[in-house]
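Per chain, numbering begins at 1; letters A, B, ... match sequence-line order.
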Number of protein chains: 2
Amino acid sequence: MANAFVEKLRGYAPVSSLDEALLEKACVRSRKLPADYDLIHEGDRPGPVFVILSGWACSYKILPGGSRQIISFLMPGDFCDIHVAVLAEMDHSIGTITEAQVATIPRDQMEELVEVRPSLAKAFWWSQLVDAGVLRATIVSMGRRTSLERVAHLLCELCFRMRNIGIATEESIVMPFTQIMLADAVGMTPVHVNRLVRKLRAAGALELGVGTLIIADLKLLSQIAGFYDNYLHRRLRTRQSATA
Amino acid sequence: MANAFVEKLRGYAPVSSLDEALLEKACVRSRKLPADYDLIHEGDRPGPVFVILSGWACSYKILPGGSRQIISFLMPGDFCDIHVAVLAEMDHSIGTITEAQVATIPRDQMEELVEVRPSLAKAFWWSQLVDAGVLRATIVSMGRRTSLERVAHLLCELCFRMRNIGIATEESIVMPFTQIMLADAVGMTPVHVNRLVRKLRAAGALELGVGTLIIADLKLLSQIAGFYDNYLHRRLRTRQSATA
DNA sequence: CGGGTGGTTGAATGAAATCAACTATGGTGG
DNA sequence: CCACCATAGTTGATTTCATTCAACCACCCG
């Protein structure tokens with residue numbers, strides 16, 4: 001199976017074999033990181049671009065009171081703001097959730113890639129725009145959805161994104177989230193998330209494990225959430241083309 | 001006074017007089033739009049890039065139930081996702097709040113600008129990254145701030161952004177918001193916003209009019225909100241250089 | 001075996017929405 | 001000019017929702 005990064009970009013724009021080779025080469029420098037490891041902190045000077053090759057990560061902020069808000073989840077193929085290097089300091093932190101393989105692409109190499117391969121530049125653009133769309137959808141969820149819908153919506157989004165990059169099959173999608181993390185993502189307390197999550201289980205949408213959570217009925221979950229995937233802007237790959 | 005668009009970009013990166021001339025030329029086609037006028041709807045095919053030259057606008061989504069969530073506010077100098085044209089359909093709507101002068105830059109002209117003037121491309125990038133930072137900050141507010149902090153934080157952000165583009169002086173910043181709009185932005189009901197806003201008035205931070213709202217004490221408001229402006233990533237202009 | 005983390009549950013408190021009534025204002029048409 | 005209506009804002013009473021607090025279980029790991 002190809003690099004998850006390539007795999008994801010393919011979902012947005014055509015990637016030639018030359019593009020692919022260059023991407024693979026750029027991702028050569030990668031490390032295996034443990035779970036709960038911070039790649040970069042708010043306030044730090046931005047460094048290279050991080051690309052998640054396997055595992056899960058997230059971006060988040062800690063408030064003065066100590067509470068945490070997870071802003072977005074990163075899965076294989078995702079990268080942190082490509083050109084973040086133009087900014088003086090990070091306005092958020094990025095950390096792993098599970099053990100993860102992450103590549104670091106130096107800034108200059110990234111810029112070269114963009115200049116030399118317009119097709120890649122376009123794919124990057126696309127990806128950035130989709131990321132912004134995800135942020136907008138998150139704002140809508142937080143502002144105007146009920147807590148149950150909110151949880152369901154987040155899980156739906158993650159399922160769809162997993163499918164788009166081919167790391168989820170049709171049924172029984174497993175996610176490595178503690179309820180505490182889920183709470184930090186949807187802006188609620190862990191105990192309330194617990195009650196919601198069991199309500200979803202009672203409805204037959206989920207199964208619960210310790211530190212994991214299994215989507216049993218995505219259709220039902222989508223229905224509860226009022227989920228529409230238009231904001232994920234997938235174009236090229238279709239649901240049917242499961243294999244590479 | 002120069003085009004607000006130019007003015008804003010200057011805050012992020014150097015803009016030469018040639019850059020400026022090109023920008024001015026690109027903004028030649030502009031229209032005066034009434035208040036509450038939708039520039040584009042969710043589901044539409046993206047058209048040209050919109051640039052706000054004067055007045056206020058916002059991006060928003062309407063949920064199936066009819067409730068609205070304002071995602072972000074647009075003020076003079078702001079534009080909607082530059083390269084949104086690569087996406088197939090809009091995942092949100094954009095509408096004016098007040099009467100507004102807005103320029104439309106055709107997609108091809110935009111792309112030419114970016115290719116011909118790397119300095120502008122960089123300024124655009126910067127601006128996009130800042131916009132993403134604003135979205136992230138909004139998510140944090142919605143998730144982990146109290147309702148009072150949330151309202152105060154939004155108002156602070158808008159004040160700072162207004163200052164950055166030079167349309168706000170030191171004191172008494174006027175904003176053309178009904179409490180209903182404010183409610184749609186912070187994800188609360190109008191009646192609750194009302195109570196919060198009067199609490200802020202009682203504290204001496206605000207003054208209230210019908211359809212407007214005046215920031216009387218930004219320092220106090222910042223303190224209530226726990227506001228830090230690092231995520232706005234302003235670099236070049238300093239608070240002192242008020243005049244062009 | 002003891003301690004830590006994640007999860008579960010109930011009771012009490014607090015926050016926000018809802019419902020409802022009412023004021024003030026500006027615009028419109030008779 | 002006035003009657004009428006629509007919109008924005010205000011206020012109180014009530015209900016719903018989520019947090020807080022607290023206790024407890026299960027499990028893994030040292």
Side-chain angles (χ1 to χ4, degrees), chain A residues 34-37 56 63 65-70 95 97-99 141-155 174-202 206-214 224, chain B residues 34-37 56 63 65-70 95 97-99 141-155 174-202 206-214 224:
Chain A
D36 269 310
Y37 177 91
W56 291 74
L63 296 198
S67 63
R68 175 168 93 144
Q69 177 65 44
I70 291 179
I97 291 172
T98 63
E99 187 178 69
S141 255
M142 306 270 274
R144 290 294 185 215
R145 271 188 252 267
T146 66
S147 55
L148 190 70
E149 291 169 349
R150 197 144 89 234
V151 170
H153 196 274
L154 172 62
L155 296 178
V174 179
M175 298 188 185
F177 300 149
T178 63
Q179 295 178 6
I180 295 170
M181 250 177 346
L182 214 48
D184 283 344
V186 293
M188 303 184 296
T189 56
V191 340
H192 192 47
V193 163
N194 180 329
R195 300 193 229 257
L196 296 171
V197 121
R198 352 200 68 238
K199 194 177 285 187
L200 290 174
R201 188 189 61 171
L206 297 183
E207 286 162 35
L208 302 176
V210 171
T212 62
L213 171 157
I214 301 171
I224 294 170
Chain B
D36 269 309
Y37 177 90
W56 290 75
L63 295 199
S67 64
R68 174 168 93 145
Q69 177 65 44
I70 292 179
I97 291 172
T98 63
E99 186 177 71
S141 254
M142 307 269 272
R144 290 295 186 215
R145 270 188 252 267
T146 67
S147 55
L148 189 70
E149 290 168 350
R150 199 143 89 235
V151 170
H153 196 275
L154 173 61
L155 297 179
V174 179
M175 298 188 183
F177 300 148
T178 63
Q179 294 178 7
I180 295 171
M181 251 177 344
L182 214 49
D184 283 344
V186 293
M188 303 185 296
T189 56
V191 341
H192 195 223
V193 163
N194 180 334
R195 299 193 230 258
L196 295 171
V197 120
R198 352 200 67 237
K199 195 178 284 186
L200 290 174
R201 189 188 60 170
L206 296 185
E207 287 162 33
L208 302 177
V210 170
T212 62
L213 171 158
I214 301 169
I224 293 170

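Side chain of A:Glu207 to main chain of A:Arg201: no donor-acceptor pair is present (N/O by atom type, distance under 3.5 Å, no hydrogens or angles). Side-chain N or O atoms of A:Thr98 include one that pairs as donor or acceptor with a backbone N or O of A:Trp56 at under 3.5 Å. Using a distance-only test at 3.5 Å, with no hydrogens or angles considered, no donor-acceptor pair links the side chain of A:Glu149 to the main chain of A:Ile224.
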### Message
Working note: B:Leu200 + B:Leu196, criterion side-chain contact (heavy atoms from CB on, under 4.5 Å); need CA distance, chi angles, decisive distance, verdict.
### Response
CA-CA 6 Å; B:Leu200 290 174; B:Leu196 295 171; 5.7 Å; no

### Query
Does the side-chain contact (heavy atoms from CB on, under 4.5 Å) test come out yes or no for A:Arg145 and B:Leu63, once each step is laid out?
CA-CA 9 Å; A:Arg145 271 188 252 267; B:Leu63 295 199; 4.2 Å; yes

### Task
For the pair A:Met175 and A:Leu182, evaluate side-chain contact (heavy atoms from CB on, under 4.5 Å) and give the outcome as yes or no after the intermediate values.
CA-CA 11 Å; A:Met175 298 188 185; A:Leu182 214 48; over 6 Å; no

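Residues of residues 177-184 of chain A that place a heavy atom closer than 4.0 Å to DNA chain D do not occur.
Within the structure, every pair that satisfies the salt bridge (charged side-chain N to carboxylate O under 4.0 Å, His left out) test and touches residues 175-192 of chain B, not counting sequence neighbours, is listed here: A:Arg144-B:Asp184, B:Arg68-B:Asp184.
Of all heavy-atom pairs between B:Val193 and B:Met188, the closest is CG2-CE, 3.7 Å. For B:Thr189 against B:Ala183, the heavy-atom pair with the smallest separation is C-CB, 3.8 Å. B:His192 and B:Ser147 get closest at one heavy-atom pair: CE1-OG, 3.5 Å. Of all heavy-atom pairs between B:Leu154 and B:Ala185, the closest is CD2-CB, 3.9 Å. Looking at every heavy atom in both residues, A:Arg150 comes nearest to A:Gly187 through NH2-O, 4.2 Å.
The side-chain contact (heavy atoms from CB on, under 4.5 Å) test with A:Gln179 singles out one residue from A:Val191, A:Val197, A:Leu213, and that residue is A:Val197.
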## Note on the structure
Per-nt protein contacts along nucleotides 9-25 of chain C (heavy atom under 4.0 Å; B base, S backbone sugar-phosphate only, - none) come out as BBB----SSB-------

Could you go over nucleotides 1-4 of chain C and give all protein N or O partners under 3.5 Å, atom names and distances?
none

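For the helix from C:dC1-D:dG30 to C:dG30-D:dC1, the angle separating the two terminal helix axes comes to 30°, with each axis derived from five pairs and the value rounded to 10°.
Within the model, atoms CG of A:Asn194 and CD1 of A:Ile180 stand 10.5 Å from one another, a figure rounded to the nearest 0.5 Å. Rounding to the nearest 0.5 angstrom, the gap separating the CD1 atom in A:Ile97 from the CE atom in A:Met181 is 5.0 Å.
The footprint of chain B on DNA chain D, defined by a heavy-atom cutoff below 4.0 Å, extends from D:dA8 to D:dA13.
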